[in-house]
Amino acid sequence: MLYNQSISEFIIVGFTNINHFGNLIFTFLLLLFLLIVVNNIIMIFAVIFDLKLHRPKYYFIFALSVTEVGIVFTVYPTLLPLVLKGNVTISFHGCFAQMYTFHSLLITENFLLSLMALDRYIAICKALRYHMIMTLGFCKVLILFCYIIGFTLSLSLLIIVSRLPFCGPNTIQHVFCDSSPLLSLACANNDINIILEFIISSFTITLSSLSIVVTYINIMRSILKLKTSEERKKAFSTCASHLFMAIMFYGSITFMYIELQTSYSSDYDLATAIHHSVLMPLMSPLICSFRNREIANFLKKWILSRLPQIL
């Protein structure tokens, strides 16, 4: 429930210096939006319809693609018109819904990346017991747990922000509704709330990132114990794509939620928006999926099966 409401809408004005390039950037972002959605939808359908991909590794990639699509459809409704018009109006309740959904999916993605690291650890360090430990049923439970944690933790953030009084101004210096700029607009002393928001964000980042670091330390130890360079290369190749994804994700999210707690600009917003709504959703299927031979074989068979119908 939202309390102390005296304004009915917010005005998002994230970009103030791209007026002459608005149409060009809008077209570029629209094309990227379509590419991101198509890439992730292909990944989702591949895992659903190819029985060979009904394995924990691909279930995690499936969940990651679903989450990325959700983030894109959460951010782009304000990002695209913002680039085109310079500002966008969003209702009071719509703003909080966008904030809650974005944070829920972002936290979910956080923990999904941690689970993917755990999956690679079991596959490399506990190879003989992998199928006994990481069953499909257990994998589904872990994925569901990620979503429950994501939508529960962000609910506490929603309660913190929504109980504050908003009496004006109602201009958000961002590219979508986020908790930090909303806290700066509240007509109340926000010191405790800012600390609470920082604790929630830091807890999520620290817990998941530390788990990935510890996991990869153990993975690297196991890889270095392998006898031949060929074995080490093969083992490392199974987790290299995920490691790159984790570095990209945590570099961006740390920048957004720790470095910019009290300082904002359109340039910073542009960088973080590109990371979360363009770069990560675009790179996820490319890095984690399309480099995989089994995914490539599925796509090849699917395209070849459709060619006679097209011709």
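- For the 3.5 Å distance criterion, the side chains of Asp50 and Tyr58 fail to qualify, holding no donor opposite an acceptor.
- Taking 4.5 Å as the limit, every side-chain heavy atom of Thr152 sits out of range of all side-chain heavy atoms of Ile149.
- For Tyr100 (side chain) and Cys95 (main-chain N/O), no donor-acceptor pair under 3.5 Å exists by modelled atom type.
- Checking side-chain atoms of Asn170 against main-chain N and O of Glu9 turns up a donor-acceptor pair under 3.5 Å.
- Looking only at side-chain heavy atoms (C-beta outward), Met280 and Glu109 come within less than 4.5 Å of each other.
- Note on Val38: it clusters hydrophobically with Leu279, by side-chain heavy-atom contacts below 4.5 Å among ILVMFWY residues.
- Here the shortest heavy-atom pairing between Thr215 and Ala117 reads CG2-O, 3.3 Å.
- Judged by distance alone, the side chain of Ser284 and the main-chain N or O of Pro281 form no donor-acceptor pair under 3.5 Å.
- Below 30°, between 30° and 60°, or above 60°: for Tyr76 and Phe33 the angle between ring planes is between 30° and 60°, a tilted geometry.
- Separation of atoms CZ (Phe60) and CG (Leu115) is listed at 5.0 Å; rounding is to 0.5 Å.
- Looking only at distances, no side-chain donor or acceptor of Thr135 sits under 3.5 Å from a matching main-chain atom of His131.
- By the 4.5 Å heavy-atom criterion applied to side chains, Ile36 and Asn39 are not counted as neighbours.
- Ring orientation note: the planes of Phe49 and Phe45 are close to parallel, at an angle under 30° on the 30°/60° scale.
- Note that the CD1 atom of Ile12 and the CD atom of Gln173 stand 11.0 Å from one another [nearest 0.5 Å].
- Nearest heavy atom pair, residue Gly150 against residue Thr108, reads CA-OG1, 3.6 Å.
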Criterion side-chain contact (heavy atoms from CB on, under 4.5 Å) on Lys126 and Tyr121, from CA distance to verdict: CA-CA 7 Å; Lys126 309 288 182 181; Tyr121 167 77; 3.7 Å; yes
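- A side-chain donor-acceptor contact under 3.5 Å links Ser156 to the backbone of Leu153.
- Within the 3.5 Å criterion, the main-chain N or O of Cys239 finds no donor-acceptor partner in the side chain of Arg120.
- By the 4.5 Å heavy-atom criterion applied to side chains, Leu182 and Phe10 are counted as neighbours.
- At least one side-chain heavy atom of Leu29 sits under 4.5 Å from a side-chain heavy atom of Leu80.
- The local environment of CG in Leu224 is crowded, with over 12 non-hydrogen atoms from other residues, nucleotides or ligands closer than 6.0 Å.
- Closest heavy-atom contact between Ile71 and Leu105: N-CD1, 3.5 Å.
- You'll find the side chain of Thr228 stays beyond 4.5 Å of the side chain of Lys233, heavy atoms only.
- The hydrophobic clustering, which links ILVMFWY residues whose side-chain heavy atoms are closer than 4.5 Å, places Phe28 and Met283 together.
- Aromatic ring pairs are classed by plane angle as parallel below 30°, tilted from 30° to 60° and perpendicular above 60°; the pair Tyr216 and His242 is parallel.
- Checked against the 6.0 Å centroid criterion, the rings of Phe96 and Phe92 qualify as a close aromatic pair.
- Note on Leu82: it does not cluster hydrophobically with Leu24, by side-chain heavy-atom contacts below 4.5 Å among ILVMFWY residues.
- Listed for the Tyr59 side chain is no donor-acceptor partner under 3.5 Å among the backbone atoms of Ile143.
- Interatomic distance, CG of Leu35 versus CG of Leu30, reported as 11.5 Å (0.5 Å rounding).
- From Thr74, atom OG1 reaches atom CZ of Phe102 across 8.5 Å, with rounding to the nearest 0.5 Å.
- Nearest heavy atoms, Leu53 versus Ala46: CD1-O, 3.5 Å.
- At least one donor-acceptor pair under 3.5 Å links the side chain of His54 to the backbone N or O of Ile48.
- Ring to ring, Phe145 and Phe111 are not that close: their centroids are 6.0 angstrom or more apart.
- The closest donor-acceptor contact from the side chain of Asp178 to the backbone of His174 lies at 3.5 Å or more, if one exists at all.
- Residues Ser208 and Asn110 bring a donor and an acceptor atom of their side chains to less than 3.5 Å of each other.
- Shown here for Glu231 and Leu226, the closest heavy-atom pair between the two residues is O-CD1, 3.5 Å.
- Taking all atoms of both residues into account, the shortest heavy-atom contact from Tyr130 to Lys57 is OH-N, 4.1 Å.
- If you check the side chains of Gln98 and Thr78, you find a donor sitting under 3.5 Å from an acceptor.
- Leu155 and Ile148 fall into different hydrophobic clusters, defined by Ile, Leu, Val, Met, Phe, Trp and Tyr side-chain heavy atoms under 4.5 Å apart, directly or through other members.
- In the hydrophobic clustering of this structure, Val213 does not group with Ile219; members are Ile, Leu, Val, Met, Phe, Trp, Tyr whose side-chain heavy atoms approach within less than 4.5 Å, directly or through other members.
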Full working for side-chain contact (heavy atoms from CB on, under 4.5 Å) between Asn23 and Leu84: CA-CA 6 Å; Asn23 291 333; Leu84 191 62; 3.1 Å; yes
Step by step, would you call Thr101 with Phe73 a side-chain contact (heavy atoms from CB on, under 4.5 Å)? CA-CA 10 Å; Thr101 306; Phe73 276 100; over 6 Å; no
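- The OH atom of Tyr147 lies 13.0 Å from the CD1 atom of Ile107; values are rounded to the nearest 0.5 Å.
- A distance of 10.0 Å separates OG in Ser154 from CD1 in Ile159, rounded to the nearest 0.5 Å.
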Would you sort out whether Ile172 and Ile11 count as a side-chain contact (heavy atoms from CB on, under 4.5 Å), showing the intermediate values? CA-CA 6 Å; Ile172 297 176; Ile11 302 174; over 6 Å; no
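- Side-chain atoms of Leu282 and Leu32, non-hydrogen and from C-beta on, do get closer than 4.5 Å to each other.
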